[in-house]
Every structure is written in structure tokens, then in C-alpha cells.
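Accompanying notes for the structure given below.
Residue numbers begin at 1 in each chain, while the letters A, B, ... track the order of the sequences. What you see is a predicted model, and the numbers here were worked out from it, not measured in a lab.
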Protein chains: 2
Amino acid sequence: MTDPLARLPGYALRRAASAMMAELTERLAPLALRIIDASLLMVADAGSMTSSDIGRVLDIQRANMVPLLNRLEAAGLITRQPLDRKSMAIILTPAGRARLAEVRAITGQFEEDLMARIPDAHRAHFLPALQALWSAADD
Amino acid sequence: MTDPLARLPGYALRRAASAMMAELTERLAPLALRIIDASLLMVADAGSMTSSDIGRVLDIQRANMVPLLNRLEAAGLITRQPLDRKSMAIILTPAGRARLAEVRAITGQFEEDLMARIPDAHRAHFLPALQALWSAADD
DNA sequence: TATTGTTATACTCTATAACTATA
DNA sequence: TATAGTTATAGAGTATAACAATA
């Protein structure tokens with residue numbers, strides 16, 4: 001390795017994440033969805049969630065949810081249904097549920113391929129390590 | 001966890017990486033450097049590297065190196081010295097080397113803190129797992 | 001013929017501020 | 001008083017195309 005940064009965990013984390021994102025973006029392209037769109041469908045599938053709810057789960061700000069949801073609505077994948085006179089529930093349409101099934105097939109295979117690249121001895125330790133770093137960040 | 005994505009390694013990887021980036025950005029702020037600036041100084045410290053060389057190591061395109069180097073040059077941290085009539089070596093100034101020493105102090109502590117958050121049993125497996133994912137992406 | 005440095009440009013992602021209306 | 005949805009906007013970060021000059 002000529003790269004002096006390769007042994008820094010933080011740097012390796014960034015590079016691994018961006019490599020992963022690039023590959024998943026490619027795999028989702030046939031569905032005409034970006035990663036963020038697919039994530040939104042997965043979270044919204046829980047049902048009765050508002051735009052703000054989904055944003056909190058995915059760490060996306062309210063203001064940035066608007067164009068994302070507009071796009072999915074224009075694609076016929078979600079609808080907005082009033083919960084009361086202030087809040088809207090984001091509901092998957094039949095087309096949205098069908099697209100989500102395709103998303104799950106692709107992401108399921110992707111996560112499997114991803115883990116397969118990690119040598120056996122390290123594999124089981126990977127997700128717990130990531131979750132420790134992710135959770136610690138909530139402080 | 002209410003988040004249905006939390007158990008997906010790809011998603012956890014993305015969230016851990018962005019949490020890490022946010023924290024490192026904060027820690028470097030007192031040096032008036034962004035992560036990308038600090039990375040550049042570290043790589044350029046090898047000496048006799050052109051802008052294109054550094055870009056290849058860090059996966060930054062030639063065109064995007066220009067404003068980054070201009071900024072570091074304006075800050076008095078690097079200079080451009082002709083290698084031949086076409087290429088320029090990026091050289092750290094004395095101020096650049098001093099700033100780099102501060103960068104190393106901060107990033108060294110940061111990487112240490114990062115690893116300390118990973119439970120003992122998983123810690124040693126983390127970097128090898130990341131490198132496996134990163135390298136596999138070069139295919 | 002390939003590479004370097006550069007300019008210009010566009011697109012995505014994200015962050016902030018502000019506003020209206022409702023809980 | 002806090003929250004939901006929205007609009008507008010600004011700043012990063014990144015990608016592509018093109019060009020002149022040199023290896």
C-alpha cells in the first residue's frame with residue numbers, strides 16, 4: 001500500500017462506505033430508484049408514518065424530505081393521506097409495495113454479497129462494530 | 001431499534017461513516033482544515049507528488065484537485081514546484097509541515113477514540129473487514 | 001498517443017432560515 | 001409552546017467535457 005492513510009480506521013471506513021454506496025447505486029438503477037428513495041420506501045412501509053417521522057429515522061431534515069416525497073409521489077409509489085388537519089401519513093401505493101419487493105430482493109442480495117467479501121474470521125464482528133460507532137455518535 | 005434498516009450492514013456502514021466524518025470535521029475545525037484538506041497534507045507529505053498523483057491516491061479527480069490546492073496554497077501550507085515543463089510537485093511549506101503535525105496529533109487521538117468505542121471482542125476485526133470491502137471495490 | 005493542469009459547468013446532497021397552520 | 005409541512009436558498013462535494021501544452 002502506497003496510501004499512507006490506508007491503515008487509519010476512519011479513512012478505511014469512509015472509503016468502504018463510499019465504495020458500498022457506489023455499488024448499491026448501480027444495483028438499484030434498474031428500479032429507477034436511488035439509495036435514499038429505496039430507504040424511504042423501506043421505512044415508510046411500517047405504515048402511518050409522517051414525513052417528519054421518516055426523516056427522524058433516516059436522519060433527513062424535514063425540509064429535505066419534501067422533494068424526495070414529491071418524487072416518489074410523482075412516480076406513483078406513495079400517497080399522502082391526512083392523519084389530522086396538520087399531519088400526513090405516507091402510504092405506499094400498490095405500485096410502491098411492488099417496487100419495494102424488488103428493492104428488498106436487490107438489497108438482500110447486496111448485503112449478502114457484501115458480507116461474503118469479508119473473511120470468515122472477521123465477518124461476525126463487523127455489524128456490532130459499526131453499530132457501536134453509529135450509536136456512540138448519538139451522544 | 002425502531003429503525004428497520006439498522007440491521008443491514010450497508011446501512012450501518014453508511015451511518016457509521018457519516019457519524020465519523022461529522023465528528024472528525026469538528027475536531028479539525030480549530031486547525032481551519034476540512035477532512036479533505038488534512039488528507040491532502042498527509043499524502044503530499046510523501047514528497048514529489050503531483051496533483052494528479054495525490055488525486056489518484058485519494059480518489060479525487062484532477063479537475064477537483066485545483067480548488068483544493070489553491071486553497072492550501074493561499075493558506076501558505078503548500079507550494080507548487082516545477083518537476084518538468086508540464087508537471088508540478090506539491091511541496092509542504094514549513095507552515096504546512098507544522099500544520100500537518102497538528103493534524104497528526106488530532107487524527108491520532110481521533111482514531112484511538114474511535115477504536116475505543118468498539119467492544120474489545122470486535123475491535124481487532126474492524127480494520128481488516130473494512131479493507132476487504134474497500135479493496136473488493138477496485139474490481 | 002497519453003498525461004498534466006486547468007476552466008467551466010452541472011448535479012446531488014445537505015444545512016439553514018423563514019413562514020403558515022395546527023396540535 | 002412545540003410541531004408539521006413547505007418554500008427558498010446557499011454551500012459542500014463530485015462528475016463531465018473540453019482545451020492547450022508537454023511527456
When rounded to whole Å, the CG to P distance for the pair B:L68 and D:dG13 reads 8 Å
Output the distance between atom CG (A:D53) and atom CG (A:L58), rounded to the nearest 0.5 Å. 11.0 Å
Start at the 5' end of DNA chain D and walk down; is the nucleotide closest to B:N64 or to A:N64 reached first? A:N64
Given C:dT16, D:dT16, D:dA4, which nucleotide is nearest the side-chain atoms of A:A63? C:dT16
Heavy-atom donor-acceptor pair, B:K86 side-chain to C:dT4 base, under 3.5 Å: no
More 5' along DNA chain D: B:I36 or A:P67, using each one's nearest nucleotide? A:P67
OP1 or OP2 of C:dA15 less than 4.0 angstrom from a side-chain nitrogen or oxygen of A:Q61, does that happen here? yes
Closest listed nucleotide, where the reference is the side chain of A:S51 and the choices are C:dA8, C:dA23, D:dG5: D:dG5
Quick check on DNA chain C: between A:R34 and B:L69, whose nearest nucleotide comes earlier from the 5' end? B:L69
Taken to the nearest whole Å, CG/B:L83 to P/C:dT3 is 17 Å
What is the distance, to the nearest angstrom, from the CE atom on B:M88 to the P atom on D:dA20? 20 Å
d(CG, A:D59; C1', C:dA15) in whole Å: 12 Å
Rounded to whole angstroms, how far apart are CE on A:M21 and P on C:dT14? 8 Å
Residue-phosphate contact under 4.0 Å: A:R62 side-chain N/O, C:dT16 OP1/OP2: no
Would A:R104 and A:D45 pass as an ion pair if we require N to O under 4.0 Å? yes
Would you give the length of the straight line joining atom CG of B:L77 to atom CG of B:L31, rounded to the nearest 0.5 angstrom? 10.0 Å
Ionic contact status for B:E23 with B:R117, cut-off 4.0 Å: yes
B:S52, nearest nucleotide to its side chain (from C:dA15, C:dT4, D:dT7): C:dT4
When the distance from CZ of A:R56 to C1' of D:dG5 is rounded to whole Å, what number comes out? 12 Å
If you check every side-chain atom of B:R85, which of D:dT6, C:dT6, D:dA23 has the closest atom? D:dA23
Considering every strand and a 4.0 Å limit on heavy-atom distances, what is the contact class for B:R14: base, sugar-phosphate, or nothing? sugar-phosphate
So, A:D37 and A:R99, do they make that salt bridge, N to O below 4.0 Å? no
Check the distance between D:dA8's C1' and A:M65's CE and give it to me in whole angstrom. 19 Å
Please report the distance, rounded to the nearest Å, between CG in B:D84 and C1' in D:dA21. 11 Å
Side chain of B:S87: nearest nucleotide among C:dT4, D:dG5, C:dA23? C:dT4
